[in-house]
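One structure is given here, and the rest of the page talks about it.
Note that this is a predicted model, so its numbers are computed, not measured. Residue numbering restarts at 1 for every chain, and letters A, B, ... go by the order of the sequence lines.
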Amino acid sequence: MFSLDLFLNALAAGVLLGGFYAAVSLGIAVSFGLLDIANLAHPVFVMFGAYLVYTMNSRFGMDPILAGVLFTPLFFVLGALLYQLYYASFERKGAESLRGLVFFFGILFIVEVGLLLQFGVDYRLVEARYIGESLHLGPVGLPFRLLIPCVAGVSLTALLYLFLSRTFYGRAIQGVAQDAFALRLMGANPFKVKRLAFALASATASVAGALLIMIGPVEPAMNREYIGRAFAVTVLGGMGSIGGTLVAALMLGVAESLTATFYGPAWGVAVSFGVLLLALAVRPSGLFGR
Amino acid sequence: MASRLVIRDVDAGYGAVRVLHGVSLEVREGETVALLGTNGNGKSTLINCIMGIVRPDAGEITLERDGQRMELIGRAPEEIVHLGITLVPEGRRLFPKLTVEENLLLGAFRDGARRDIPRNLAFCFEAFPVLQSRRKQLAGNMSGGEQQMLAIGRALMAAPTILLVDEPSVGLAPVLVNRVIAKIKELKDRYRLTVLMAEQNFNQATKIADRGYIIVHGQIAFSGATAELREHELVKKYYLGV
């Protein structure tokens, strides 16, 4: 039953999948981890991104990654508007925690139903020359449809990390949930800082969507399984630590891939929460929590 | 760059509670001014009025710089910071989960401070060597005295023309109060920093202030040079227990 080749291939696939999970989780790591906003709708934005990429790909034959990058400004603006609405309706009144959750649940359903009405329940996929090809390293095959999302996901993570740690606005984003008043005393407007952070978090969804539809066919309700994964990755990584998010995403990818290979794919999602529970029992602040 | 902070006839309060009644006060270039008073007399309210956190009902607060007069009332705190007034808030208000260095760099957020970061950082590390040795440590894991040093250092990173310090001694052990006060004096002596310090610890504050104002029930009861303050009846009555 057990073979080394099988194990190595599952391991490699897991690492590649993990790089992609990081891309999906970044939005949650920023909104939930740094801003304390439980944005349940982020995965459905990823789906929305995937469908926009699908449209560009099927109509104009555009490269999926290129399409994903092209749509980032749109998602940036949508994110800024959504935060503005959330702020005016909940955060300003100090009623954000529970009602905010319901708000994002509502957004989730609206976008999901919108996608269903527009694209139906059929699985959709994208085409590109390289998607069917693989890179072979000895017995291990690295399919391009996983390798490219991994590289793109890790690059996106690195970009966000550099922005958050090297720029003035990045540091302000890290500080805003800790003490918004103190941030005003530094000369920064907390509302604008949070809006920028939320907009950036949303902008990652269009790239993540491109990666998602490159890995495999999508249908609108698929966002649900990514809610659990992305929140698990965020908490496991240590609430807002971008490096931690990447490590946690890789761990989850490997754990899921090994389980799927040796015990069956049905266990996949259960693994996210299993890993999360186990990690939290040992280290409640997450792997890289401060 | 000659700058001066002038507060004239300020009334302020919170809802129906009136805290300040016609308060006037002035801080000139290079001076350290103490705002003295026991708890609940309006020291922090006045500081908050200057920073734009509390909006006065009457009076004016102006910053004069190079012959220009800028009205501060009606401006948001972040705008006032951009004009070069920074506050070391009561309770320090650090970002506990950011490192010492990240806290300091956030202090330099205002546009006017960004290009001078290397110089100001060197200045902070020189004034507070403990910050240099702890630069990678999380601010929340430091002792109270170190946190107060960091709070002052963070405000200095903004390269302020006027530094406001609200109750630097609150919550600190007496030995640390001495150290923090000595540091503020050092900043004033060596760098001619302009400081307005609200403090209830009379003896500590008068060690370093050039002048002082005593605020009682929201009114300036007395003002004068430090030596005069020590001899004043009110001080003997309220602070020295004579």
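- More than 12 heavy atoms of other residues, nucleotides or ligands lie within 6.0 Å of CZ in A:Phe163, so this atom counts as buried by the packing criterion.
- In terms of heavy-atom pairs under 4.5 Å with chain A, the best-connected choice from B:Ala158, B:Gly140, B:Gly107, B:Pro77 is B:Pro77.
- The number of heavy-atom neighbours closer than 6.0 Å to OH of A:Tyr161, taken from other residues, nucleotides and ligands shown, is 12 or below.
- With chain A as partner, the option from B:Pro96, B:Pro89, B:Ala155, B:Gly52 having the largest number of non-hydrogen pairs under 4.5 angstrom is B:Pro96.
- A salt bridge links A:Arg184 with B:Glu78: the closest approach of a Lys/Arg side-chain nitrogen to an acidic carboxylate oxygen falls below 4.0 angstrom.
- Using a 4.5 Å cut-off between heavy atoms, B:Leu83 makes no contact with chain A at all.
- Interface remark: B:Leu106 contributes backbone and side-chain atoms alike to the contact with chain A (heavy atom separation under 4.5 Å).
- With a 4.5 Å cut-off on side-chain heavy atoms, B:Val81 and A:Met186 do not count as touching.
- Between A:Leu183 atom CG and B:Arg93 atom CZ the span is 11.5 Å, to the nearest 0.5 Å.
- Proximity to chain A (any heavy atom under 4.5 Å) is shown, for B:Arg92, by neither the backbone nor the side chain.
- Contact count versus chain A (heavy atoms, under 4.5 Å) is highest, among B:His82, B:Glu79, B:Met51, for B:His82.
- Heavy atoms of other residues, nucleotides or ligands lying less than 6.0 angstrom from CZ of B:Arg114 number more than 12.
- Between atom CG of residue B:Leu105 and atom CZ of residue A:Phe168 there is a gap of 6.5 Å, rounded to the nearest 0.5 Å.
- The number of heavy-atom neighbours closer than 6.0 Å to CZ of A:Arg283, taken from other residues, nucleotides and ligands shown, is above 12.
- B:Ala108 touches chain A through backbone and side chain together, each having a heavy atom under 4.5 Å away.
- With hydrogens and angles disregarded, a donor-acceptor distance shorter than 3.5 Å links the side chain of A:Gln178 to the backbone of B:Lys97.
- In this structure, A:Arg171 fails the cation-pi test against B:Phe109, since its NZ or CZ atom is not both closer than 6.0 Å to the six-membered ring centre and inside 45 degrees of the ring normal.
- Ranked by heavy-atom pairs under 4.5 Å with chain A, the first of B:Leu98, B:Leu87, B:Leu94 is B:Leu98.
- Taken from CG in A:Leu185 to CD1 in B:Ile53, the straight-line distance is 5.0 Å, to the nearest 0.5 Å.
- Heavy atoms of other residues, nucleotides or ligands lying less than 6.0 angstrom from CD of B:Gln68 number 12 at most.
- For OH of A:Tyr169, the number of neighbouring non-hydrogen atoms (other residues, nucleotides, ligands) closer than 6.0 Å is 12 at most.
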